[in-house]
Amino acid sequence: MNVGFIGLGVMGEPMALNLVRSGTPLTVWNRSAAKCKKLQAAGAKVAASPAGLFRVTDVVILMLANSDAIDAVLNRGTSQFATLVKEHTIVHMGTTAPDYSRNLEAEIRAAGGRYVECPVSGSRQPAEEGQLVAMLAGESAAVEQVRPYLSSLCHETILCGSVPRALLMKLSVNLYLVNLVASLAEAVHFAERHGLDLEQLQTVLDAGPMASGVSRLKLPKLIARDFSVQAASLDVLTINRLIAEAARKAGIASPLLDTCHALYGETVALGYGQEDMTAVLSALERRTDTGITQAPQPSMQA
């Protein structure tokens, strides 16, 4: 089948490259046309518009930043929406509110299309290496149609049931990730302000039971103050807000998440929104330098 890919950002570009390199007939579109050049050089076709992409594809993968971007690409709320999605399988691989995904599935199915919810766990490096973890939800026939295409992107695909259970699983995983990276940054800040050897800190952590793929990836970046983006702080803040909203709606306590929400809000306010999530170190440093020991309650606005 012909596959379309829309959204060639930090994650989308390496994912699309892995698809085309695996031999998948791929057509791409991105709002910034320059982002398509690398895909075109690798053998992908480039559509002039989302509508043009839909005309020549059967399965369309969306790796877009938020629900507004998805609605714009699909012309949701207009008469063109049904024309686009009819007889297509739409694969939503980004991270949005679970309720948004549930409603989108209903509209796509009503228009004669199929829908698969497929968020992924991992950042840019795992995306480049084809080592993401996919969480899938939707009708079984649609899920099985899509699953073979994920083999070049993911080393594991997990069936989660009906929509929006894959996104709820993604938010659960990200809750842990956000806390983990913020805690790692706080450990580095604590050690550095006590004059400890940070390379030695890395050696101790790597040798012990707390080492993980995340610590081995993020700790060297923290030590080097390398904030080149793998997962942008602004995106982390947005996902943090989605998790917080889902927690509040379900009446679930999330005190650690709320602290991270405040920290990432401060990170973005300091100008690190487009830098890696390890830039949360800068918010911790600012709190220390200004004598702030408690943060205000986080806003639900990203």
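Everything numeric here is computed off the predicted structure, so don't read it as measured data.
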Task: From Thr278 atom OG1 to Asp226 atom CG, the distance as rounded to the nearest 0.5 Å - done: 7.0 Å

Task: Charged N-O contact under 4.0 Å between Arg165 and Glu117 - done: no

Open item on the list: I need the minimum non-hydrogen distance between Ser101 and Val163, along with the two atoms involved.
Closed with: OG-CG1, 3.6 Å

Open item on the list: If the test is side chain to side chain donor-acceptor pair (under 3.5 Å), which one of Lys221, Lys218, Arg124 qualifies with Gln230?
Closed with: Lys218

TODO: For the residue pair Leu8 and Leu39, establish whether any side-chain heavy-atom pair is separated by less than 4.5 Å.
DONE: yes

Task: Closest contact, heavy atoms only, Ala283 versus Leu263 - done: CB-O, 3.6 Å

Task: Heavy-atom check, side chain of His261 versus side chain of Leu237, under 4.5 Å - done: yes

TODO: Answer yes or no: is there a side-chain heavy-atom contact under 4.5 Å between Leu171 and Ile239?
DONE: yes

Task: Glu266 vs Arg287, side chain to side chain contact (heavy atoms under 4.5 Å, CB included): CA-CA, chis, key distance, verdict - done: CA-CA 10 Å; Glu266 294 166 32; Arg287 286 197 189 187; 2.7 Å; yes

- [ ] Measure the acute angle between the ring planes of His92 and Tyr100, then classify it against the limits of 30° and 60° as parallel, tilted or perpendicular.
- [x] perpendicular

Open item on the list: For Ile158 versus Val133, what's the shortest heavy-atom pair and its separation?
Closed with: CG1-CG1, 4.2 Å

Task: Asn18 (side chain) donor-acceptor with Ala127 (main chain) under 3.5 angstrom - done: yes

Task: Passing option when Leu104 is tested against Thr96, Leu62, Val85, Leu74 for side-chain contact (heavy atoms from CB on, under 4.5 Å) - done: Leu74

Task: Minimum heavy-atom distance between Phe54 and Ile90, given as atom pair plus value - done: CE2-CD1, 3.5 Å

Task: salt_bridge(Asp289, Arg193) N-O dist < 4.0 Å - done: yes

Task: Side-chain heavy-atom pair Arg286, Ile292 within 4.5 angstrom cut-off - done: yes

Open item on the list: Regarding Thr288 and His189, do their side chains bring together a donor and an acceptor under 3.5 Å, going by distance alone?
Closed with: yes

- [ ] Using a 4.5 Å cut-off on heavy atoms from C-beta on, say whether the side chain of Leu184 contacts that of Leu222.
- [x] yes

Task: Non-hydrogen side-chain atoms of Thr27 and Asn2 separated by less than 4.5 Å - done: no

Task: Atom of Pro50, atom of Val73 and distance for their closest heavy-atom approach - done: CB-O, 3.8 Å

Open item on the list: Between Arg241 and Glu245, does any NZ, NE, NH1 or NH2 come within less than 4.0 Å of an OD or OE carboxylate oxygen?
Closed with: yes

- [ ] Return the minimal non-hydrogen interatomic distance between Ala142 and Tyr115, and the atom names on each side.
- [x] CB-O, 4.2 Å

Open item on the list: Assigning hydrophobic clusters by single linkage (Ile, Leu, Val, Met, Phe, Trp, Tyr; side-chain heavy-atom cutoff under 4.5 Å), is Leu219 placed with Met277?
Closed with: no

- [ ] Report yes if the side chains of Leu26 and Tyr149 come closer than 4.5 Å at any heavy-atom pair, otherwise no.
- [x] no

Open item on the list: Just so I know, are the side chains of Phe81 and Ile108 near enough to count as touching, which here means a heavy-atom distance under 4.5 Å?
Closed with: yes

TODO: Kindly determine whether Ser215 and Leu205 satisfy side chain to side chain contact (heavy atoms under 4.5 Å, CB included), including the steps that lead there.
DONE: CA-CA 8 Å; Ser215 69; Leu205 282 175; 5.7 Å; no

TODO: Decide whether Ser254 and Arg248 meet the rule of one side-chain donor and one side-chain acceptor closer than 3.5 Å.
DONE: yes

Task: Gap between atom CZ of Arg55 and atom NE2 of His88 - 0.5 Å precision - done: 10.0 Å

Task: Gap between atom CZ of Arg147 and atom OG of Ser140 - 0.5 Å precision - done: 11.5 Å

